[in-house]
Amino acid sequence: VAAAKPAAIAVAEAAAPGDERENGAPVRFGVTDPISLGLPTQAELGLTAQLQEDLRRDAPLEAQETLQDRTSVLIDLRSIVLKWIYEVSLQEGLDEESARMAGAKIFTFGSYRLGLISPGSDIDALCVAPRHVSREAFFSALAPKLAEHPDVADLTPVPDAYVPIIKLKMRGVEIDLLFARLMLQQVPEHLESLNDDNLLRNLDDKTVRSLNGCRVADHILALVPSAERFRETLRLVKAWAKRRGIYSNVLGFFGGITWAILVARVCQLYPYYTTAALVKRFFRVYDRWNWKNPVVLCPIREMPTTPGLMAFKVWNPKQYPQDRLHLMPIITPAFPSMNSTHNVSETTRRIISEELGRAYSVVEKVEKGEAIWPDVYRPLPFFSMFRNYLHIEVLAKSQQVFTRWMGWVESKLRHLVKHLERVPSVQVRPWPNYLKFEDAEFPHATATFMGLTVHGHGTVNFRHPVGQFVEIINSWPDFQELRSEVELRVRHCRRSELPEYVPEDGPKPRRKAPKTAQQR
């Protein structure tokens with residue numbers, strides 16, 4: 001499936017007034033020819049220098065010293081994993097030499113692999129093991145081994161997740177650790193990449209999903225003309241998406257890998273452009289994108305006749321009716337290609353589209369000297385924008401239970417959005433940024449909010465959509481066992497009734513100050 005070159009955008013490129021630029025050598029990245037081979041103009045180089053300065057201040061990357069700490073944590077994590085692999089290998093009947101040679105590797109993916117590591121961010125990591133080491137052993141033996149380690153804290157295994165995971169902190173660094181068992185007798189030391197499709201032969205779906213993050217990140221970096229310009233552009237886009245409240249795959253917005261694919265595609269279309277020019281084209285291309293066409297970085301490959309690979313489902317709207325229902329298809333580049341945005345709803349599509357349009361208009365002003373780069377990613381004043389809010393609090397008595405409970409509730413919030421979409425005269429604005437707060441009974445507590453716009457003058461009853469959502473939440477498999485340790489509170493409130501822990505983000509305070517004796 002190939003996305004057609006956006007004709008309107010190509011025409012606009014050709015007709016841009018005063019945009020005298022030389023062309024670079026003909027190149028092609030991705031599924032179409034570039035829209036422009038233009039080289040940077042002096043004006044764009046100046047705008048890029050200013051953008052780089054603003055990003056250093058507003059979206060800083062991890063310092064070299066703390067990067068070395070993270071590298072050291074990963075080395076120590078691998079050392080623990082290798083000891084575990086050795087023990088499991090002996091239990092499985094391997095001799096001493098074979099057990100020592102069985103091997104394991106830790107691969108990274110996500111922002112860490114893409115080279116965009118912000119201070120305090122977590123590390124997405126994958127433990128790759130040989131075929132005699134099972135996922136069950138990962139949770140039953142490695143998890144306790146890690147929990148006993150003096151450098152490890154807040155360890156929570158989540159074996160039933162869509163992608164099974166162990167969450168932990170090691171020397172203060174948060175790590176999300178996935179597991180993949182390859183059909184290899186041993187994991188060789190020289191295995192530097194998981195891009196060989198043959199590694200996927202006869203693997204189960206959970207293992208393929210676990211491998212997907214590493215494979216996708218490596219493919220993206222291989223498919224862009226310049227990794228440095230890609231990273232810089234993505235850095236601004238991520239800062240913008242987070243501050244404007246549209247960075248969350250689970251809630252139906254776009255997650256990190258989706259934003260990375262979108263930026264990579266624009267880099268392919270403008271292979272010689274500077275960061276400032278790529279940022280402008282990013283917002284223009286997707287503000288005008290026809291979402292009947294998927295965004296793809298390379299041809300989508302199917303393996304219908306390859307033994308061990310032909311059973312994997314690849315995104316294909318001609319073959320699978322459910323794939324035709326996807327509202328903003330953005331396809332991962334590694335086999336088996338999947339749509340990274342299947343959670344997008346009508347509501348989140350509307351909000352993303354509005355934010356892309358707003359950002360493009362601000363970037364145009366930046367170009368004219370009528371605005372500055374921080375105006376593009378100025379935080380959305382969410383708690384000043386609505387008269388009505390839905391206020392959702394998630395609480396638990398222990399960190400481990402909270403992590404599992406929060407994961408369950410978070411994964412179901414998009415269903416609440418869909419139920420609210422069906423209420424006549426109501427528009428909903430989900431907010432993906434959570435607020436921690438203190439509660440007398442539950443040591444672990446966080447809150448999320450949804451802005452509500454009610455059109456007309458009638459009264460709206462939210463009891464039914466909220467009741468449907470609570471029913472879904474109560475179907476949590478662990479609910480009966482842990483119901484005394486968790487709580488969910490959902491209520492409708494006006495802006496003036498928002499709790500004290502919600503920050504003031506608008507020009508007017510939410511509550512009127514009490515009158516003094518003189519004023520009375």
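Model, not experiment: these values are computed from the prediction.
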*Do you know which of L390, N461, I392 makes side chain to side chain contact (heavy atoms under 4.5 Å, CB included) with V466?*
L390
_Taking the side chain as everything from C-beta on, heavy atoms only, tell me whether H492 gets closer than 4.5 Å to L452._
yes
Considering only distance and modelled atom types, tabulate donor-acceptor pairs under 3.5 Å from the side chains of residues 422-430, sequence neighbours left out.
{"from": "R422", "atom 1": "NH1", "to": "H419", "atom 2": "ND1", "distance (Å)": "3.2"}
{"from": "R429", "atom 1": "NH1", "to": "G245", "atom 2": "O", "distance (Å)": "2.7"}
{"from": "R429", "atom 1": "NH2", "to": "R244", "atom 2": "O", "distance (Å)": "2.8"}

*Please name all residues satisfying side-chain contact (heavy atoms from CB on, under 4.5 Å) with H464, sequence neighbours left out, ordered by chain then number.*
Q468
*Could you check if a side-chain atom of L223 sits within less than 4.5 angstrom of a side-chain atom of F29, using non-hydrogen atoms only?*
no
*Residue pairs, two or more places apart or on separate chains, that pass salt bridge (charged side-chain N to carboxylate O under 4.0 Å, His left out) and touch residues 382-394*: E393-R489
*Could I get the full list of side-chain contact (heavy atoms from CB on, under 4.5 Å) partners for T207, not counting sequence neighbours?*
R135, A180, L203, D204, L211
*asked:* I need the full list of salt bridge (charged side-chain N to carboxylate O under 4.0 Å, His left out) pairs touching residues 55-65, with sequence neighbours left out, sorted by first then second residue.
replied: D54-R57, E62-R70
*So do W291 and I330 actually touch side chain to side chain, heavy atoms under 4.5 Å?*
yes
*Are the side chain of E421 and the backbone N or O of T347 linked by a donor-acceptor pair below 3.5 Å?*
yes
*So, T341 and T258: side-chain donor and acceptor under 3.5 Å apart, yes or no?*
no
Would you give me the side-chain donor-acceptor pairs under 3.5 Å for residues 394-408, sequence neighbours excluded?
{"from": "K397", "atom 1": "NZ", "to": "S484", "atom 2": "O", "distance (Å)": "3.3"}
{"from": "S398", "atom 1": "OG", "to": "V401", "atom 2": "N", "distance (Å)": "3.2"}
{"from": "Q399", "atom 1": "OE1", "to": "H444", "atom 2": "ND1", "distance (Å)": "3.4"}
{"from": "Q399", "atom 1": "NE2", "to": "T403", "atom 2": "OG1", "distance (Å)": "3.2"}
{"from": "Q400", "atom 1": "NE2", "to": "L155", "atom 2": "O", "distance (Å)": "3.0"}
{"from": "T403", "atom 1": "OG1", "to": "Q399", "atom 2": "O", "distance (Å)": "3.0"}
{"from": "R404", "atom 1": "NH2", "to": "D478", "atom 2": "OD2", "distance (Å)": "2.8"}
{"from": "W405", "atom 1": "NE1", "to": "L395", "atom 2": "O", "distance (Å)": "3.3"}
{"from": "W405", "atom 1": "NE1", "to": "E487", "atom 2": "O", "distance (Å)": "3.1"}
{"from": "W408", "atom 1": "NE1", "to": "I473", "atom 2": "O", "distance (Å)": "3.0"}

*asked:* Let me confirm one number: the CG-CD1 distance from L126 to I106, rounded to the nearest 0.5 Å.
replied: 7.5 Å
_Within the supplied structure, the quantity of interest is the number of heavy atoms (other residues, nucleotides, ligands) at a distance under 6.0 Å from R494 CZ; does it exceed 12?_
no
*Please test V224 against V263 for side chain to side chain contact (heavy atoms under 4.5 Å, CB included), starting from the C-alpha separation and ending with a verdict.*
CA-CA 9 Å; V224 293; V263 169; over 6 Å; no
Give every donor-acceptor pair under 3.5 Å between a side-chain atom in residues 111-120 and any protein atom, sequence neighbours left out.
{"from": "S111", "atom 1": "OG", "to": "K238", "atom 2": "NZ", "distance (Å)": "2.5"}
{"from": "R113", "atom 1": "NE", "to": "D218", "atom 2": "OD1", "distance (Å)": "2.7"}
{"from": "R113", "atom 1": "NH2", "to": "D218", "atom 2": "OD1", "distance (Å)": "3.0"}

*Indicate, with yes or no, if the rings of F382 and Y389 have centres closer together than 6.0 Å.*
yes
*Can you measure from CH2 (W476) to CD (E481) and round to the nearest 0.5 angstrom?*
8.0 Å
*Has the side chain of R281 got a donor or acceptor atom that lies under 3.5 Å from a matching backbone atom of V266?*
no
*Any idea which heavy atoms bring I300 and V296 closest together, and the distance?*
CD1-CG1, 4.0 Å
*asked:* So, taking the atom named OG1 in T274 and the one named CD in E232, what distance separates them when rounded to the nearest 0.5 Å?
replied: 9.0 Å
*Provide the full list of salt bridge (charged side-chain N to carboxylate O under 4.0 Å, His left out) pairs with a residue in residues 245-264, sequence neighbours left out, each pair given once.*
none
*asked:* Pair M328, L262 - check side chain to side chain contact (heavy atoms under 4.5 Å, CB included), show working.
replied: CA-CA 11 Å; M328 302 176 89; L262 290 177; over 6 Å; no
*More than 12 non-hydrogen atoms from neighbouring residues, nucleotides or ligands closer than 6.0 Å to CD on E438, yes or no?*
no
*Can you tell me how far the OG atom of S411 sits from the CG atom of L251, to the nearest 0.5 Å?*
11.0 Å
*Under 6.0 Å from the CD atom of E228, do we count more than 12 heavy atoms belonging to anything else shown?*
no
_Approximate separation, where rounding is to 0.5 Å, of N290 CG and R288 CZ_ = 13.5 Å
*asked:* Just checking K365: does its NZ atom have more than 12 heavy atoms from other residues, nucleotides or ligands closer to it than 6.0 angstrom?
replied: no
_Under the salt bridge (Lys or Arg N to Asp or Glu O under 4.0 Å) test, residues paired with E364 that sit two or more places apart_ = none
_If the condition is side chain to side chain donor-acceptor pair (under 3.5 Å), which residues does R324 pass it with, not counting sequence neighbours?_
none
*What's the shortest heavy-atom distance between S248 and P432, and which atoms?*
CB-CB, 3.5 Å
*With under 30° as parallel and over 60° as perpendicular, where do the rings of F282 and Y286 fit, or are they tilted in between?*
perpendicular
_F138 side chain near L177 side chain, heavy-atom distance below 4.5 Å_ = yes
*Backbone N/O of A125 and side chain of T108: donor-acceptor pair under 3.5 Å*: no
*asked:* Between L51 and V279, is there a side-chain heavy-atom distance shorter than 4.5 Å?
replied: yes
*Starting at CZ of R229, measure out to OH of Y273 and round the result to the nearest 0.5 Å.*
11.5 Å
*Decide yes or no for I331 and I261: does some side-chain heavy atom of the first lie under 4.5 Å from some side-chain heavy atom of the second?*
no
*Between E354 and R350, does at least one N-O distance fall below 4.0 Å, as a salt bridge requires?*
yes
*Tell me, do V208 and N212 make a side-chain contact under 4.5 Å, heavy atoms counted?*
no
_Side chains of F230 and L221, heavy atoms from C-beta outward: is any pair under 4.5 Å?_
yes
*Return each pair, listed once, that meets side-chain hydrogen bond (donor to acceptor under 3.5 Å, both in side chains) where at least one residue sits in residues 326-338; pairs must be two or more places apart or across chains.*
W315-H326, H326-N339
*Could you tell me whether the side chain of R358 and the main chain of S353 form a donor-acceptor pair under 3.5 Å?*
no
*Between the main-chain N or O of D69 and the side-chain N or O of T66, is there a donor-acceptor pair closer than 3.5 Å?*
no
*What residue pairs, at least two apart or across chains, pass salt bridge (charged side-chain N to carboxylate O under 4.0 Å, His left out) with a residue in residues 156-172?*
D76-R171, D151-R171, D154-K169, K167-D176
*Among F283, Y377, Y360, the one residue meeting ring-ring contact (aromatic ring centres under 6.0 Å, His included) with W240*: F283
*Given the rule in the salt bridge (Lys or Arg N to Asp or Glu O under 4.0 Å) test, do E346 and R349 qualify, once you have shown the distances and angles that lead to the verdict?*
CA-CA 5 Å; E346 292 289 356; R349 177 169 71 167; 3.1 Å; yes
_Among F386, F383, F462, F449, exactly one meets ring-ring contact (aromatic ring centres under 6.0 Å, His included) together with H391. Which residue is that?_
F449
